[in-house]
Amino acid sequence: MDFSVLNEALASNSFDKISDICDALMLQVAAEGVPFRDEWPFAIHLLGHIYVDDVNSARFLWKSIPATIKETQPELVAAWKIGQKLWTRDYAAVYEAIRGFDWTQQTQLLVAAFSELYTKRMFELLQSAYSTISIQDAAQFLGMSEEDATNYVLRQGWTVDPASRMLTVTKQAIVKEQKLDPGKLQRLTEYVFHLEH
């Protein structure tokens, strides 16, 4: 079985493409009737879905994997543990699941990239949901020690009150790019022209 496209994506850190590549390869070999389950990189496939925040697809993939494969691949079970914690929105336990397994060299970069991306997502969630938050809660959401979490959010412009051990969230200005649709511009021009004449 040719995993060269998948290996290239892993080597180039194109982790956002992994789930699509694996899905396409799986459909291809299934259509050809080639037995693939024993050598399929299920852990990478599952982590690919998790990386792009597609927990539904990860869950369905997990359900489709035969029990014999689940029993013989502890890394696959560890990857699904991350998926379970995401599914139940147990944010702090996601970090425990990441740190709780000794990942192989092949999956280590993918898991590290997901961990970094997940921390950014959690920071954005905190930033949009809170105006103040305790250092302890922020550390739990960010999967860091209280000191590391404090330093992380301070670098992002938040402020800390050492007496109350509370962080004040600094909201970032959201810049949205407006896309100019030529069709809308034409209709607006015609409308204004009609009003003037």
Side-chain angles (χ1 to χ4, degrees), residues 1-129 138-145 148-149 152:
M1 192 174 313
D2 183 21
F3 291 117
S4 59
V5 177
L6 178 60
N7 292 331
E8 287 172 17
L10 286 167
S12 65
N13 294 341
S14 300
F15 302 124
D16 55 331
K17 298 177 182 173
I18 289 175
S19 61
D20 290 337
I21 291 169
C22 288
D23 288 343
L25 283 172
M26 186 178 270
L27 287 174
Q28 179 185 349
V29 295
E32 294 170 359
V34 177
F36 64 92
R37 295 208 183 264
D38 293 335
E39 57 185 273
W40 191 259
F42 282 110
I44 290 174
H45 193 170
L46 195 65
L47 288 167
H49 284 301
I50 290 170
Y51 183 85
V52 295
D53 202 22
D54 188 0
V55 182
N56 281 330
S57 293
R59 199 179 83 170
F60 291 123
L61 175 63
W62 173 256
K63 287 182 176 186
S64 72
I65 299 171
T68 54
I69 292 175
K70 291 176 186 176
E71 293 166 1
T72 59
Q73 296 185 15
E75 188 169 57
L76 173 62
V77 175
W80 176 237
K81 187 172 253 181
I82 296 170
Q84 285 176 311
K85 301 308 177 188
L86 288 169
W87 182 258
T88 59
R89 293 192 169 105
D90 190 352
Y91 303 116
V94 170
Y95 296 105
E96 292 171 15
I98 290 169
R99 293 186 200 112
F101 188 78
D102 188 21
W103 302 96
T104 62
Q105 187 175 0
Q106 192 176 23
T107 57
Q108 206 167 25
L109 287 174
L110 176 56
V111 172
F114 169 73
S115 180
E116 186 178 316
L117 180 66
Y118 185 70
T119 299
K120 286 179 185 174
R121 287 181 192 155
M122 287 297 97
F123 176 76
E124 290 169 2
L125 178 68
L126 294 177
Q127 194 167 27
S128 66
Q140 186 176 5
F141 274 105
L142 296 173
M144 303 176 184
S145 68
D148 290 343
Y152 182 83

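All residue numbers in this chain count up from 1 along the given sequence. Just so it is clear, the model here is predicted, and its values are computed rather than measured. Only heavy atoms go into these numbers, but all of them, side chains included; no hydrogens, no water, no symmetry mates.
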**Asked** Angle class for the Phe141/Tyr91 ring planes (parallel below 30°, perpendicular above 60°, tilted otherwise)?
**Response**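 Because their plane-to-plane angle lies in the 30° to 60° range, the rings of Phe141 and Tyr91 count as tilted.
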
Quick one: does [X]'s side chain get under 4.5 Å of [Y]'s, heavy atoms only?
{"X": "Phe114", "Y": "Ile98", "result": "yes"}
{"X": "Leu142", "Y": "Leu126", "result": "yes"}
{"X": "Tyr152", "Y": "Thr119", "result": "yes"}
{"X": "Asp54", "Y": "Ser19", "result": "no"}
{"X": "Gln28", "Y": "Leu25", "result": "yes"}
{"X": "Tyr95", "Y": "Met144", "result": "no"}
{"X": "Val94", "Y": "Met122", "result": "no"}
{"X": "Leu109", "Y": "Phe15", "result": "yes"}

**Message:** Tyr118 vs Asp53, test: side chain to side chain contact (heavy atoms under 4.5 Å, CB included). Steps then yes/no.
**Reply:** CA-CA 9 Å; Tyr118 185 70; Asp53 202 22; over 6 Å; no

Looking at [X], I want to see if its [atom1] is surrounded by more than 12 non-hydrogen atoms of other residues, nucleotides or ligands under 6.0 Å.
{"X": "Asp102", "atom1": "CG", "value": "no"}
{"X": "Lys70", "atom1": "NZ", "value": "yes"}
{"X": "Glu32", "atom1": "CD", "value": "yes"}

**Asked** Would Phe42 and Cys22 satisfy side chain to side chain contact (heavy atoms under 4.5 Å, CB included), going step by step from the backbone distance to the final call?
**Response** CA-CA 9 Å; Phe42 282 110; Cys22 288; over 6 Å; no

**From CA spacing to verdict: side chain to side chain contact (heavy atoms under 4.5 Å, CB included), Leu125, Arg121** = CA-CA 6 Å; Leu125 178 68; Arg121 287 181 192 155; over 6 Å; no

First locate atom [atom1] of [X], then atom [atom2] of [Y], and finally report the distance between them rounded to the nearest 0.5 Å.
{"X": "Phe123", "Y": "Ser128", "atom1": "CZ", "atom2": "OG", "answer": "10.0 Å"}
{"X": "Glu8", "Y": "Ile21", "atom1": "CD", "atom2": "CD1", "answer": "8.5 Å"}
{"X": "Glu75", "Y": "Ile44", "atom1": "CD", "atom2": "CD1", "answer": "7.5 Å"}
{"X": "Ile50", "Y": "Ile18", "atom1": "CD1", "atom2": "CD1", "answer": "12.0 Å"}
{"X": "Ile82", "Y": "Leu47", "atom1": "CD1", "atom2": "CG", "answer": "5.5 Å"}
{"X": "Arg59", "Y": "His49", "atom1": "CZ", "atom2": "NE2", "answer": "13.0 Å"}

**Item:** Minimum heavy-atom distance between Leu110 and Gly48, given as atom pair plus value
**Value:**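 What the structure gives for the nearest pair is CD2-N, 4.3 Å.
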
**Prompt:** What closest approach, in Å, do Trp103 and Ala97 show between heavy atoms, and which atom pair accounts for it?
**Reply:**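 Where Trp103 meets Ala97 most closely, the heavy atoms are CZ2-O, 4.0 Å.
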
**Item:** Whether Gln73 side chain and Ala43 backbone form a donor-acceptor pair below 3.5 Å
**Value:**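 Not a single qualifying donor-acceptor pair exists.
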
**Asked** How about His45 and Asp23: does a side-chain donor come under 3.5 Å of a side-chain acceptor?
**Response**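 His45 vs Asp23: donor-acceptor pair found between side chains.
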
